[in-house]
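Structure first, then comments.
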Amino acid sequence: MFSLFPKVRPRRLRKNKVIRDLVSETVLSKSKLIQPLFISDSIKEKKLIETMPNQYIFSKDDIFFEIEYLLSNGISSFALFPNIDNSKKDIDGTEAVNGDNFICKQVMQIKSRFPSAVLITDVALDPYTITGHDGIERDGQIDNDLTLEALNKMSLNLSQSGADIIAPSDMMDGRIGSIRQTLEDNNQKETIILSYSAKYSSGFYGPFRDAVGSKQNTGISKDTYQMDKKNLREALKEANLDIDEGADILMVKPGMPYLDVVKEISSNVSVPVFTYQVSGEYSMLQMGIDKKLFEHNVIPETLISFFRAGSTSVITYFAKWVAENYDNISK
Ligand code: PBG
């Protein structure tokens, strides 16, 4: 190796920023970032999420200002998560399948005000169940097939309300096929399914659960449906099942501790693969920045790691920050 020097000097390509940019293998682009947004059905004004610095739960009125602001700053895709008042929760998450529920109305209103905004809606029961589970509990277990019926209805309602992309995040078996069939049977042929296909049972979702109010978990563990963090090959199994069942896009989640999974899936499938840099990753970085452990440049560094690993787009709570600081960061 050393004998190649001085013929080979990798530093030639690092001489200045213009050259570095010419030879760079990835770019950070606003068009590749999706901002998650929490919306409450009951608060009057936006409220700071204590475990997520700079992130808010928006009221149904504040959300319009936020979306308008993000759109004008180059962020055009949004993942919406409802925070539902406890009085509307029950064991089955019945409110989730109400076609006239809060999130359906929000989707309709946002789309009518901002037709160019791309709306991604989560399909899972956790904002609506008193158990905080993504599925329906029966006899001390999360009942897979009973949950599918609810997910079908929920997906159809969201699609008919105008959601561009529906994103099942529940990890029930067979849900992609079942939802796709329901959409086709009801003439919702254009709706994109973004499947959370490698969703690991992770400790990094804590702040999100504060934001949607799903932390109460009963005795049942989410380990009984979300993936075991010890497995990589199983992620490929889930990915292939979801593609066969009709998913248009796959997702890996969380991001930073699962870069190998992003790489593995993106190298082996021919559909786009998104990564979700989840709430705990966000808070860890933002709190570190606030405490001056490191600087803001860790934000583009972590985002670029997803693209380098093969991610097509990224869902990140930092989308707004990137939009605001885009011209000043090394992309
Ligand atoms: C639940 C859902 C979760 C997240 C997205 N959808 C949490 C969970 O599975 O408990 C987490 C996202 C984040 O942490 O930012 N359907």
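Whatever order the structure lists ligands and atoms in, that order sets their numbers, starting from 1. Starting from 1, each residue takes its place in the sequence as its number.
- Contact annotation: for V212 versus ligand 1, there are no heavy atoms closer than 4.0 Å.
- Although no hydrogens or angles enter the test, the distance criterion places no donor-acceptor pair under 3.5 Å between the side chain of D170 and the main chain of L125.
- Contact check on D248 versus R180 returns a salt bridge, with a Lys/Arg side-chain nitrogen under 4.0 Å from an Asp/Glu carboxylate oxygen.
- Within the 4.0 Å heavy-atom shell around ligand 1 one finds Y276.
- With a 4.0 Å cut-off on non-hydrogen atoms, S279 touches ligand 1 through its backbone as well as its side chain.
- Remark: minimum distance from atom 15 (O) of ligand 1 to any protein heavy atom is reached at Y317 OH, 2.6 Å.
- With respect to atom 16 (N) of ligand 1, the closest heavy atom belonging to the protein is S169 OG, 2.7 Å.
- Listed by chain and number, the residues in a ring pair (Phe, Tyr, Trp, His ring centres under 6.0 Å) with Y258 are Y200 (sequence neighbours excluded).
- Less than 4.0 angstrom separates some heavy atom of D134 from each of these atoms of ligand 1: 1 (C), 16 (N).
- For R175 and D242, the salt-bridge test passes: some basic side-chain N is under 4.0 Å from an acidic carboxylate O.
- Remark: distances from the non-hydrogen atoms of Q277 to ligand 1 are all 4.0 Å or more.
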**Study point:** Test log, rule salt bridge (charged side-chain N to carboxylate O under 4.0 Å, His left out), inputs R138 and D92
**Key:** CA-CA 9 Å; R138 282 287 180 283; D92 288 5; 3.0 Å; yes

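- Looking only at protein heavy atoms, the nearest one to atom 10 (O) of ligand 1 is R209 NE, 2.6 Å.
- In this structure, the side chain of E66 does not engage the main chain of F58 through any donor-acceptor pair within 3.5 Å.
- Ranking the protein heavy atoms by distance from atom 1 (C) of ligand 1 puts D126 OD2, 3.0 Å first.
- Residue K222 has at least one heavy-atom neighbour below 4.0 Å for each of these atoms of ligand 1: 8 (C), 9 (O), 10 (O).
- Contact annotation: K253 has at least one heavy atom less than 4.0 Å from an atom of ligand 1.
- Looking at heavy atoms from C-beta onward, I179 lies in side-chain contact with P168 at the 4.5 angstrom threshold.
- For F306 and F274, the gap between ring centers reaches or exceeds 6.0 Å.
- Listed by number with element, the atoms of ligand 1 under 4.0 Å from a non-hydrogen atom of A124 are 16 (N).
- Not a single donor-acceptor pair under 3.5 Å links the side chain of D210 to the backbone N or O of T51.
- Residue contact check: Y205 has heavy atoms under 4.0 Å from atoms 8 (C), 9 (O), 11 (C), 14 (O) of ligand 1.
- Nearest to atom 7 (C) of ligand 1 by heavy-atom distance, out of F81, F208, Y196, is F208.
- Residues meeting the ring pair (Phe, Tyr, Trp, His ring centres under 6.0 Å) test with F318, sequence neighbours left out: Y282.
- Distance from atom 2 (C) of ligand 1 to its nearest protein heavy atom, with residue and atom name: K199 NZ, 3.2 Å.
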